[in-house]
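By convention in this document, chain letters (A, B, ...) are assigned in the order of the sequence lines, proteins followed by strands, and residues within each chain are numbered from 1.
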Amino acid sequence: MRDVSAIIDELSWRGLIAQSTDIDALRAATSAGSLTLYCGFDPTAPSLHLGNLVQILTVRRFQQHGHRPLALVGGATGLIGDPRMTGERTLNPVDVVEGWVGRFREQLDRYYDFSGPNAAIAVNNLDWTAELSVLDFLRDVGKHFSVNRMLDREAVAARLAAGGISFTEFSYQLLQGYDYVQLHRRYGCTLQTGGTDQWGNITAGVDLIRRMDGASVHAMTVPLLTKSDGSKYGKTETGTVWLDPALTSPYAFFQFLLNTDDQDVATMLRTFSFRSRDELEAVIASSAERPHERAAQRALARELTALVHGEAESDAVEAAGLALFGQGDLGDLPPGTLTAALTEAPHAVVPAAEVVDGQLPAFDDLLVRTGLVASLSAARRTVGEGGAYANNARILDAAARPELSDLHHGEWLVLRRGKKAFAGVRLERP
RNA sequence: GGCAGGUUGCCCGAGCGGCCAAUGGGAGCGGACUGUAAAUCCGUCGGCUUUGCCUUCGAAGGUUCGAAUCCUUCACCUGCCA
């Protein structure tokens with residue numbers, strides 16, 4: 001087993017500790033031996049995302065130092081919804097949330113070790129809330145909460161000032177607080193981690209344990225990932241960067257990380273990478289000297305893509321990107337390389353039957369089919385703006401039709417929108 | 001409960017009954033410059049069978065040759081008074 005006490009120092013230099021109830025007490029607790037901790041994830045979407053991964057990997061670091069994680073998926077809290085600044089959530093159907101619980105659990109399997117002396121344990125807060133009666137809840141849990149204090153929560157205050165908040169969401173904090181009580185009782189859990197936005201919820205649990213069981217437990221938050229310009233990291237034009245390859249392709253995932261701003265890349269590496277401090281500092285230093293080589297971005301993209309999607313997939317999508325962004329003629333690429341690259345990128349298949357007079361469907365149509373643009377109007381607009389390319393040559397006429405002879409290896413046409421958005425069109429031969 | 005005001009495209013926010021698919025800003029997208037970066041400048045920014053047509057301005061009706069703009073009802077929000 002690794003040195004259980006070193007975890008706090010490690011998190012500290014990585015910049016992963018935002019707040020904690022009592023850092024010295026926590027350090028003492030981690031030094032005393034293996035402790036049990038948890039960080040919950042509410043199934044409010046079909047997949048976990050990059051922002052969640054910060055929390056997951058922080059817990060993973062604890063586990064690697066010999067501590068035991070509880071992989072909590074909020075089957076109950078996901079039905080209620082944590083109050084957001086922006087407004088009341090729409091309740092998701094019960095069966096949908098159930099399905100998401102299963103997907104979250106599968107995803108967590110990848111990051112926590114469920115074997116060994118400090119094996120992770122999968123838990124669902126529905127297990128102790130489903131049969132809880134309203135009266136018991138109000139008498140045993142509710143009595144310990146002060147509405148006055150609950151109103152102080154930032155999200156709640158914002159909602160009161162704006163449109164208002166339902167009793168349902170207002171009660172969320174009680175459920176999360178009670179989770180901590182149950183995990184403390186059942187598993188001896190003495191640490192809860194989460195994003196800084198969870199501080200109020202987490203300390204509510206700490207207080208509740210003190211009141212109900214007279215025990216003192218720990219809380220710690222991890223800074224929320226923000227870019228240097230203050231915006232949320234992990235969101236792109238197209239939306240959230242998901243961990244599920246069906247929602248965010250490994251190719252897109254890799255590209256997203258590779259495009260990390262210079263200003264942010266050091267923070268991202270410290271946050272996500274499991275490499276040693278010396279290794280990271282070397283990469284960051286060399287990248288600062290020669291930023292155009294983007295060694296730090298590449299290191300980040302490689303390690304994280306390999307962790308999330310596997311080593312082989314990471315290599316494949318990196319090779320695809322290198323092939324597509326390469327300087328040379330795409331036609332010079334070996335057929336296998338081109339096919340592999342375009343298969344990783346978005347692509348559309350055109351049946352041979354659609355070839356008329358040796359010509360494929362028009363460019364605007366193909367641009368839409370590959371998903372590079374949202375509509376025919378957008379396709380024509382993009383062509384008009386000079387932002388659409390076929391085989392790296394600007395498309396001048398949206399209505400023009402590519403010839404069979406334009407296809408690389410008689411099979412592929414490479415479409416591009418702007419500088420970075422590639423897609424393949426494959427002609428399907430009968 | 002009474003009085004007054006509001007609800008516009010991804011967000012904020014203009015909008016005389018015809019010249020409004022609807023001013024302006026932000027975001028997004030494209031181009032230039034670059035390093036598949038940032039900043040900056042320029043362009044673009046509902047859809048389509050695209051010199052025109054279709055669907056949008058909280059919802060449903062109505063007036064009119066013609067409405068985002070007028071009237072009625074409903075829903076929600078914001079002030080003031082009880």
Closest nucleotide among B/rA32, B/rC29, B/rG35 to the A/Gln297 side chain: B/rG35
Nearest to the side chain of A/Lys419, which nucleotide is it out of B/rU50, B/rU34, B/rU36? B/rU34
Nucleotide B/rU36, atom C1' - distance to CZ of A/Arg302 in whole Å: 15 Å
Min side-chain heavy-atom separation A/Leu258-A/Arg294 under 4.5 Å: yes
Between B/rU36, B/rG31, B/rA38, which nucleotide gets closest to the side-chain atoms of A/Arg394? B/rG31
What residues form a side-chain hydrogen bond (donor to acceptor under 3.5 Å, both in side chains) with A/Ser405, not counting sequence neighbours? none
By the 4.0 Å heavy-atom rule, please label A/Arg290 as base, sugar-phosphate, or nothing. nothing
B/rC53 P sits how many Å from A/Leu376 CG, rounded? 20 Å
Quick note, A/Ser375 side chain, CB onward, closest among B/rU36, B/rC48, B/rA32 is B/rC48
Under the salt bridge (Lys or Arg N to Asp or Glu O under 4.0 Å) test against A/Asp9, which residue among A/Arg277, A/Arg27, A/Arg61 passes? A/Arg27
Test side-chain hydrogen bond (donor to acceptor under 3.5 Å, both in side chains) applied to A/Gln297 and A/Asn259, A/Asp262, A/Thr260, the passing residue: A/Asp262
Can you tell me, in whole Å, how much space there is between the P of B/rG17 and that of B/rG6? 15 Å
I'd like to know if A/Glu318 and A/Arg298 make a salt bridge, using a cut-off of under 4.0 Å between side-chain N and carboxylate O. yes
Closer than 3.5 angstrom, by distance alone: can the side chain of A/Asp261 be matched with the main-chain N or O of A/Gln263 as a donor-acceptor pair? no
Give me the distances for all protein-to-nucleotides 40-45 of chain B N/O pairs that come in under 3.5 Å?
residue : atom : partner  : partner atom : Å
B/rG43  : N2   : A/Glu385 : OE2          : 3.1
B/rU44  : O4'  : A/Glu385 : OE2          : 3.2
B/rU44  : O2'  : A/Glu385 : OE2          : 3.0

Spacing of A/Asn259 atom CG relative to B/rU34 atom C1', expressed in whole Å: 13 Å
Identify each atom pair where a protein N or O and an N or O of nucleotides 23-26 of chain B are less than 3.5 Å apart, giving names and distance.
none

Without swapping roles, check the side chain of A/His347 against the backbone of A/Val425 for a donor-acceptor pair under 3.5 Å. no
Sub-3.5 Å donor-acceptor pair from the side chain of A/Asp22 to the main-chain atoms of A/Asp24, do we have one? yes
With respect to the side chain of A/Arg298, which nucleotide from B/rG31, B/rA38, B/rU36 is positioned closest? B/rU36
Hydrogens and angles aside, do A/Gln192 and A/Tyr38 bring a side-chain donor and acceptor to less than 3.5 Å of each other? yes
A/Arg294 side chain near B/rA38 phosphate (N/O to OP1/OP2, under 4.0 Å): no
Which is true for A/Tyr389 with a 4.0 Å heavy-atom rule: it touches a base, it touches only sugar-phosphate, or it touches nothing? sugar-phosphate
